[in-house]
Student: 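Let me begin by handing over the structure; questions about it come next.
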Amino acid sequence: MPESFHIQADNLSFCVETRGNPDGEPVIFVMGLGAQMTLWPEALLDEYVSEGYRVIRFDNRDIGLSSHLKDRLEGHPVAVMARHRMGLPIPAPYTLHNMADDVCEVMDALALGSAHLVGVSMGGMISQLVAANHPERVRSATLIMTSTNSPRLPMPRSQLIWRLAGIGAKGHDEASVVARSLDFWKAIQSPGFPPREQEVRDRIVRDYRRSYHPAGILRQTRAILATGSLSSATRRIRVPVSVIHGRDDPLVRPVAAEQLAYLMPHARIEMIAGMGHDLPEPLLPQFAAIGFETMAQWPRQAQ
């Protein structure tokens, strides 16, 4: 059964869950923007457990049951977005570099010298920074629907930008949040693998009741913008890497995966037709199989 607990690291508290073989190779799942660790599908985690891995997931800072910060943000979201597109400095309480350090802190708390990483969206950006700046801590990296965060990459579809910035969001009661979140997920879900609406609604309700912290989502968004392009870091990654991306992703456009392929010639790139910006249940066995093949390269490379 999964075991959940809190660890203290650098004045922050992180909610961590472990499952699977305690002596197995560790795999840390790093979640994306504004999402709690509970967004990782149980079926995907079970794939790794069944193969004998030690599966670890955690709530990023400012979300879920991990520490919620109190810092106020400076600047209008649209102006900040414009500064990001121009490559200008942006004030922020923390950046993705700090969140990459959080991953290492979680490893330290679990007495892990290194681990395989599976990162999705923002979690894929964080994973890139860990692999580039702390290569001795990363055995392999499976990067799902992510990018280098370069301001030169195409923007998300226009109707998504306002939602990401939180502009026009009204009501923080359960009904308002569920309706707003359901509308957002419909806009980014995989057209070739549409989920059942009731299942999505039920998950949103569970996560809302577990923790609702919209200010943390805004700070995480600011962290992404303030970090700027990861391209120089991504070039330094030498561990085994796989990149999984949807050809129909409206949020992180498919060209982002092409850039990752250019910067990491050794990486395996899997472009999946009909996949948007979610984790469709029918594709989970394929995601896991790609991850297993990527992780299997580590011992050979280490030798």
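Just so it is clear, the values below take in all heavy atoms, side chains as well, and ignore hydrogens, waters and symmetry mates.
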Student: Would you mind reporting whether Asn149 and Met122 have side-chain heavy atoms less than 4.5 Å apart?
Tutor: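 When only atoms from C-beta onward are counted, Asn149 and Met122 do not touch, as no gap falls below 4.5 Å.
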
Student: Output the distance between atom CG (Leu112) and atom CD1 (Ile28), rounded to the nearest 0.5 Å.
Tutor: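 The distance works out to 6.0 Å.
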
Student: For the atom pair CD (Glu105) and CG (Leu12), what is the distance rounded to the nearest 0.5 Å?
Tutor: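 Result: 8.5 Å between the selected atoms.
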
Student: Starting from the C-alpha separation in whole Å, work towards a yes-or-no answer on salt bridge (Lys or Arg N to Asp or Glu O under 4.0 Å) for Glu17 and Arg19.
Tutor: CA-CA 7 Å; Glu17 180 198 273; Arg19 66 176 74 188; 2.7 Å; yes

Student: Run Arg235 and Met264 through side chain to side chain contact (heavy atoms under 4.5 Å, CB included) and show every step you take.
Tutor: CA-CA 6 Å; Arg235 288 180 184 274; Met264 297 184 292; over 6 Å; no

Student: After noting the C-alpha distance and the side-chain angles of Arg61 and Asp10, does the key distance pass the salt bridge (Lys or Arg N to Asp or Glu O under 4.0 Å) rule?
Tutor: CA-CA 11 Å; Arg61 61 168 69 193; Asp10 195 24; 5.1 Å; no

Student: Hey, what's the ring geometry for Tyr53 with His116, parallel, tilted or perpendicular (30° and 60° as the breaks)?
Tutor: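 Tyr53 and His116: perpendicular rings.
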
Student: Looking only at heavy atoms, what is the nearest atom pair of Val106 and Ile7, with distance?
Tutor: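 Heavy-atom minimum between the residues: CA-CD1, 3.7 Å.
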
Student: Does any part of the side chain of Met295, heavy atoms only, come nearer than 4.5 Å to the side chain of Pro240, both counted from C-beta?
Tutor: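 No; the side chains remain at least 4.5 Å from each other.
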
Student: Counting distance only, does the side-chain N/O of Ser66 pair as donor-acceptor with the main-chain N or O of Asp59 below 3.5 Å?
Tutor: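 Yes, because the side chain of Ser66 sits within donor-acceptor range (under 3.5 Å) of the backbone of Asp59.
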
Student: Quick one: are Leu69 and Tyr94 in side-chain contact, heavy atoms under 4.5 Å?
Tutor: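 Counting from C-beta outward, Leu69 and Tyr94 do come under 4.5 Å.
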
Student: Could you tell me whether a side-chain N or O of Arg268 sits under 3.5 Å from a main-chain N or O of Val243, the two making a donor and an acceptor?
Tutor: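 Checked: no pair found.
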
Student: Looking only at heavy atoms, which two atoms of Ser127 and Val30 are closest? And how far apart?
Tutor: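 It is OG-CG2, 3.9 Å.
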
Student: May I ask you to check if Arg57 and Trp40 form a cation-pi contact, with NZ or CZ under 6.0 angstrom from the six-membered ring centre and within 45° of the axis?
Tutor: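 Here Arg57 fails the 6.0 Å and 45° test against Trp40.
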
Student: Any luck finding a side-chain donor-acceptor pair between Asp62 and His68 under 3.5 Å?
Tutor: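 Result is no, nothing qualifies.
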
Student: Looking only at non-hydrogen atoms, find the nearest pair between Met145 and Gly276 and report the distance.
Tutor: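 Closest pair (atom of Met145, atom of Gly276, distance): SD-O, 4.1 Å.
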
Student: Within a radius of less than 6.0 Å around CD of Glu281, do more than 12 heavy atoms belonging to other residues, nucleotides or ligands occur?
Tutor: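 No, because the 6.0 Å sphere around CD of Glu281 holds 12 heavy atoms or fewer from other groups.
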
Student: Could you check whether any side-chain N or O of Thr95 sits under 3.5 Å from a backbone N or O of Ala226, counting only pairs where one atom can act as donor and the other as acceptor?
Tutor: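 Between the backbone of Ala226 and the side chain of Thr95 there is no qualifying donor-acceptor contact (under 3.5 Å).
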
Student: Using a 3.5 Å distance criterion without hydrogens, assess whether the side chain of Arg180 forms a donor-acceptor pair with backbone atoms of Gly171.
Tutor: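 Yes, Arg180 side chain to Gly171 backbone: donor-acceptor pair under 3.5 Å.
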
Student: Under 6.0 Å between the ring centres of His6 and Phe14?
Tutor: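 When the ring centroids of His6 and Phe14 are compared, they turn out to be at least 6.0 Å apart.
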
Student: Verify the distance criterion only: is there a donor paired with an acceptor across the side chains of Thr148 and Ser150 at less than 3.5 Å?
Tutor: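 Looking only at side-chain atoms, Ser150 and Thr148 do not form any donor-acceptor pair under 3.5 Å.
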
Student: Does atom CD of Glu74 have more than 12 heavy-atom neighbours from other groups under 6.0 Å away?
Tutor: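 Check fails, neighbour count at 12 or below.
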
Student: Assess the residue pair Asp108 and Arg137 against the criterion (salt bridge (Lys or Arg N to Asp or Glu O under 4.0 Å)); give the C-alpha distance rounded to whole Å, side-chain angles, the decisive distance to 0.1 Å, and a yes or no.
Tutor: CA-CA 10 Å; Asp108 289 343; Arg137 308 302 302 267; 2.8 Å; yes

Student: So do the side chains of Gln36 and Arg210 get within less than 4.5 Å of each other, counting heavy atoms only?
Tutor: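 Yes. Closest side-chain heavy atoms under 4.5 Å.
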
Student: If hydrophobic clusters are built from ILVMFWY residues whose side chains come within less than 4.5 Å, do Leu251 and Leu153 share one?
Tutor: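 No, Leu251 and Leu153 fall in different hydrophobic clusters.
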
Student: For the residue pair Arg236 and Asn133, confirm or rule out a side-chain donor-acceptor distance under 3.5 Å.
Tutor: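 There is such a pair between these side chains.
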
Student: Side chain to side chain contact (heavy atoms under 4.5 Å, CB included) for Asn60 and Ile63? Distances and angles first, verdict last.
Tutor: CA-CA 6 Å; Asn60 286 310; Ile63 208 71; 4.2 Å; yes

Student: Ignoring hydrogens and angles, state whether a donor on the side chain of His213 or Arg219 is under 3.5 Å from an acceptor on the partner side chain.
Tutor: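 Side-chain D/A pair, His213 to Arg219: present.
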
Student: Which heavy atom of Pro191 sits nearest to which heavy atom of Asp248, and what is that distance?
Tutor: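 Of all heavy-atom pairs spanning Pro191 and Asp248, the closest is CG-CB, 3.8 Å.
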
Student: So with a 6.0 Å cut-off around CZ of Arg85, is the heavy-atom count from everything else above 12?
Tutor: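 Yes.
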
Student: Would you check if the distance from the ring center of Phe58 to the ring center of Phe29 is below 6.0 Å?
Tutor: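 Ring-ring flag for Phe58/Phe29: false, centres at least 6.0 Å apart.
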
Student: Going by heavy atoms in the side chains, are Val200 and Lys186 under 4.5 Å from each other?
Tutor: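 They are not in side-chain contact.
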
Student: Do the side chains of Ile217 and Val177 join up, straight or via other hydrophobic residues, at under 4.5 Å, putting them in one cluster?
Tutor: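 Ile217 does not cluster with Val177.
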
Student: Taking the side chain as every heavy atom from C-beta outward, state whether Pro285 and Glu47 have any pair of such atoms under 4.5 Å apart.
Tutor: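 When only atoms from C-beta onward are counted, Glu47 and Pro285 do touch, with a gap below 4.5 Å.
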
Student: Within this structure, what is the OG1-OH distance for the pair Thr234 and Tyr262, rounded to the nearest 0.5 Å?
Tutor: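 Nearest 0.5 Å value for the OG1-OH distance: 13.0 Å.
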
Student: Measuring from Leu143:CG to Leu117:CG, what's the distance to the nearest 0.5 Å?
Tutor: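 Nearest 0.5 Å value for the CG-CG distance: 8.5 Å.
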
Student: Are Ser114 and Arg139 linked by a side-chain donor-acceptor pair shorter than 3.5 Å?
Tutor: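 Side chains of Ser114 and Arg139: pair found under 3.5 Å.
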
Student: Where the side chain of Ser190 meets the backbone of Met275, is there a donor-acceptor pair that is under 3.5 Å apart?
Tutor: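 Side chain of Ser190 to backbone of Met275: no pair is present.
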
Student: Taking all heavy atoms of Leu65 and all of Cys15, pick out the closest pair and write down the distance.
Tutor: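 Result for this residue pair: CB-CB, 3.8 Å.
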
Student: So, taking the atom named CD1 in Ile56 and the one named OH in Tyr48, what distance separates them when rounded to the nearest 0.5 Å?
Tutor: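 Rounded to the nearest 0.5 Å, the CD1-OH separation comes to 13.0 Å.
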
Student: Going only through I, L, V, M, F, W and Y residues with side-chain contacts under 4.5 Å, is there a path from Leu284 to Ile188?
Tutor: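 Yes, it is one cluster - the side chains of Leu284 and Ile188 are joined through contacts under 4.5 Å.
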
Student: Is it true that the side chains of His97 and Thr227 contain a donor and an acceptor less than 3.5 Å apart?
Tutor: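 Checked: His97/Thr227 side chains show no N/O donor-acceptor pair below 3.5 Å.
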
Student: Could you tell me whether a side-chain N or O of Thr146 sits under 3.5 Å from a main-chain N or O of Met125, the two making a donor and an acceptor?
Tutor: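 Side chain of Thr146 to backbone of Met125: a pair is present.
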
Student: Would Arg253 and Glu258 count as a salt bridge (Lys or Arg N to Asp or Glu O under 4.0 Å) here? Give the steps.
Tutor: CA-CA 10 Å; Arg253 301 301 188 92; Glu258 297 172 8; over 6 Å; no

Student: Which atom pair, heavy atoms only, marks the closest approach of Val239 to Ala131?
Tutor: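 Closest approach of Val239 to Ala131, heavy atoms only: CG2-CB, 4.3 Å.
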
Student: Which distance, rounded to the nearest 0.5 Å, do you find between the CG of Leu225 and the CD1 of Ile90?
Tutor: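 With rounding to 0.5 Å, CG (Leu225) is 5.0 Å from CD1 (Ile90).
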
Student: Apply side chain to side chain contact (heavy atoms under 4.5 Å, CB included) to Arg201 and Ile204, showing your working.
Tutor: CA-CA 5 Å; Arg201 182 184 298 274; Ile204 294 170; 5.7 Å; no

Student: Using the side chain to side chain contact (heavy atoms under 4.5 Å, CB included) rule, take His134 and Val138 through it: C-alpha gap first, then chi angles, then the decisive distance, then the call.
Tutor: CA-CA 7 Å; His134 308 279; Val138 180; 5.6 Å; no

Student: Counting only N and O atoms by type, is there a donor-acceptor contact under 3.5 Å from the side chain of Gln128 to the main-chain atoms of Ser147?
Tutor: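 Side chain of Gln128 to backbone of Ser147: a pair is present.
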
Student: Are any non-hydrogen side-chain atoms of His245 and Ile272 less than 4.5 angstrom apart?
Tutor: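 They are not in side-chain contact.
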
Student: Is any side-chain heavy atom of Pro89 less than 4.5 Å from a side-chain heavy atom of Arg83?
Tutor: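 A side-chain contact exists here, since the closest heavy-atom pair is under 4.5 Å.
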
Student: Which residues, ordered by chain and number, are linked to Met37 in its hydrophobic cluster, where ILVMFWY side chains connect at heavy-atom gaps below 4.5 Å, directly or through other members?
Tutor: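 Besides Met37, the cluster holds no residue at all.
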
Student: Could you verify whether a donor N or O on one side chain and an acceptor N or O on the other, from Asp207 and Tyr212, lie under 3.5 Å apart?
Tutor: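 The answer is no; no qualifying pair exists.
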
Student: Answer with yes or no whether the hydrophobic clustering places Val130 together with Leu263; edges join I, L, V, M, F, W, Y residues whose side-chain heavy atoms lie under 4.5 Å apart.
Tutor: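 No, no single cluster joins them.
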
Student: Same hydrophobic cluster for Leu39 and Leu283, using side-chain heavy-atom links shorter than 4.5 Å among ILVMFWY?
Tutor: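 Looking at the clustering, Leu283 is in the same group as Leu39.
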
Student: Between Arg203 and Trp185, is NZ or CZ placed under 6.0 angstrom from the six-membered ring centre and within 45° of the ring axis?
Tutor: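 Yes, Arg203 and Trp185 form such a contact.
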
